[in-house]
Amino acid sequence: MKKLWTIVTLLVLVASGSRAQIEFEEIKSRTQEKLHVTGFFDYFPFGQYENNVYSGVFKPFIEYFSDHGQYVLDYLPVSMSYEDTIREASKGEADVVLGMYAETSLYTDLKFIYPAAIDNPIHIAMLPSKIGSLRSLEDLKKMKGAIHAKERFSGYVNDKLKDFQIEYVDNSYDLFGKLIRGEIDYIFTSIYFGTIEAAKLGLRPQIAFSKQSIWTVPVFIGISKASVHREYLSHTLSKMLEKPEIREKIKNDMINIVTKVEEQYNGTVPPAYELPQNADK
């Protein structure tokens, strides 16, 4: 009789636990928590925030994740410098950072989610008539180069750039203008960002990119160590990114974004840059 009572008691406890679990799931589905998100908000296609709308390669992934965890996404617009935004994220103002680099001091106080979500290959952009003569990085060090001020590179790459004659240009119009006029010899650029910026100006046919990347920078998803959701985020995001099919989808999403922009701006009339009088005709 005592043994039977013990079994009955255990069954009651198990049933109570099951009810509690069901009730918790029901409560969670009724009250969704906000997940504050930041990252590259001015570096398309890695991330862009315009007219209160976020877009970029990480959007499908983070939306899939939020549906899985039943979160409401709250994208934090950049109302300060990018560097200050990341520092605020490390204090817990954001839970998730969409895009950051290893070996970069700016992200020291954030937790990296491994493996990397995607790579950001850095290439050389030159005029087609000149890129064939390029043989090595040593050749570049003798030339004048430039970088778009919106480009975001890792600390490792930024250190390497100190060996080159580089200037930073605020906008794509002036950047490619310098290249076409011969004021610079080349541009260091993300193959994705550079291709899109050239396409938007109608300059894609006039710009050649190196076949091989100069550096390939892994791009990670990060989380704030101060986030109240950090344990769940760390575990679940890692499990998702460990799946090759997830990372492959992010890569394919990137290719699709770039292709669509190229198609959208195909036929755009390029700027009529005033060339030097001694330029080749």
Side-chain angles (χ1 to χ4, degrees), residues 38-51 54-58 76-89 97-107 118-127 137 140-141 143-204 206-210 213-219 254 257-258 261 265 268 270-271 273:
T38 192
F40 294 132
F41 280 176
D42 197 19
Y43 189 35
F44 194 74
F46 287 97
Q48 179 175 268
Y49 195 88
E50 287 187 341
N51 301 320
Y54 171 76
S55 60
V57 70
F58 297 120
L76 301 181
V78 178
S79 57
M80 58 187 79
S81 71
Y82 173 75
E83 288 74 16
D84 286 342
T85 299
I86 296 302
R87 292 187 184 100
E88 288 300 304
V97 178
L98 299 177
M100 56 191 222
Y101 299 128
E103 300 183 48
T104 305
S105 59
L106 180 62
Y107 308 109
I118 193 172
D119 287 333
N120 185 15
I122 311 304
H123 286 241
I124 294 296
M126 298 182 74
L127 296 180
L137 284 179
L140 288 179
K141 292 178 181 179
M143 303 176 184
K144 293 181 180 179
I147 296 174
H148 198 300
K150 286 185 178 180
E151 290 274 16
R152 295 292 172 185
F153 298 150
S154 68
Y156 172 82
V157 170
N158 286 328
D159 285 342
K160 291 293 184 181
L161 290 175
K162 296 174 183 177
D163 296 331
F164 299 86
Q165 302 177 57
I166 296 292
E167 65 173 296
Y168 288 82
V169 183
D170 290 336
N171 60 79
S172 297
Y173 178 89
D174 290 336
L175 178 67
F176 288 107
K178 284 177 174 288
L179 184 65
I180 290 172
R181 289 192 298 267
E183 296 171 16
I184 58 173
D185 301 298
Y186 67 90
I187 298 169
F188 275 124
T189 182
S190 158
I191 189 64
Y192 304 125
F193 177 78
T195 298
I196 283 179
E197 292 301 299
K200 286 160 63 176
L201 287 169
L203 292 171
R204 183 63 190 90
Q206 300 182 38
I207 304 299
F209 293 91
S210 58
S213 62
I214 307 302
W215 300 286
T216 297
V217 188
V219 185
M254 176 66 87
I257 289 172
V258 175
V261 172
Y265 289 93
T268 298
Y273 293 114

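Here the structure is a predicted model, which means the values were calculated and not measured.
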Spacing of CD1 belonging to I214 relative to NZ belonging to K160, to within rounding of 0.5 Å: 12.5 Å
Centroid-centroid under 6.0 Å between Y43 and Y192 rings: no
Reported CZ-to-OG1 distance for the pair R152 and T104, which is rounded to 0.5 angstrom: 11.5 Å
Gap between atom CZ of F209 and atom OH of Y186 - 0.5 Å precision: 15.5 Å
Counterpart residues, side chain to side chain donor-acceptor pair (under 3.5 Å), relative to N171 (two or more places apart): D174
Greater than 12 external heavy atoms within 6.0 Å of Y156's OH: no
Check against side-chain contact (heavy atoms from CB on, under 4.5 Å), L127 and I180: CA-CA 7 Å; L127 296 180; I180 290 172; 4.2 Å; yes
Q165 (side chain) donor-acceptor with K141 (main chain) under 3.5 angstrom: yes
F164 ring center within less than 6.0 Å of F188 ring center: yes
Sequence neighbours excluded, every pair satisfying salt bridge (charged side-chain N to carboxylate O under 4.0 Å, His left out) that has a member inside residues 185-195: none
Side-chain donor-acceptor pair present, S190, N120, cut-off under 3.5 Å: yes
T195/R204 under side-chain contact (heavy atoms from CB on, under 4.5 Å): CA gap, chis, key distance, verdict: CA-CA 7 Å; T195 298; R204 183 63 190 90; 3.8 Å; yes
Any L161 side-chain heavy atom under 4.5 Å of V157 side chain: yes
Interatomic distance, F46 atom CZ to M254 atom CE [nearest 0.5 angstrom]: 3.5 Å
Spatial distance of atom CD1 (I122) from atom CD1 (I187) [nearest 0.5 Å]: 13.0 Å
Centroid separation Y82 to F40 less than 6.0 Å: yes
Any donor-acceptor N/O pair, Y273 side chain to Y173 backbone, under 3.5 Å: yes
From CA spacing to verdict: ring pair (Phe, Tyr, Trp, His ring centres under 6.0 Å), F41, Y54: CA-CA 8 Å; F41 280 176; Y54 171 76; 5.4 Å; yes
Residues which pass salt bridge (Lys or Arg N to Asp or Glu O under 4.0 Å) with E50, listed by chain and number, not counting sequence neighbours: none
Spacing of T189 atom OG1 and I207 atom CD1 [to the nearest 0.5 Å]: 10.5 Å
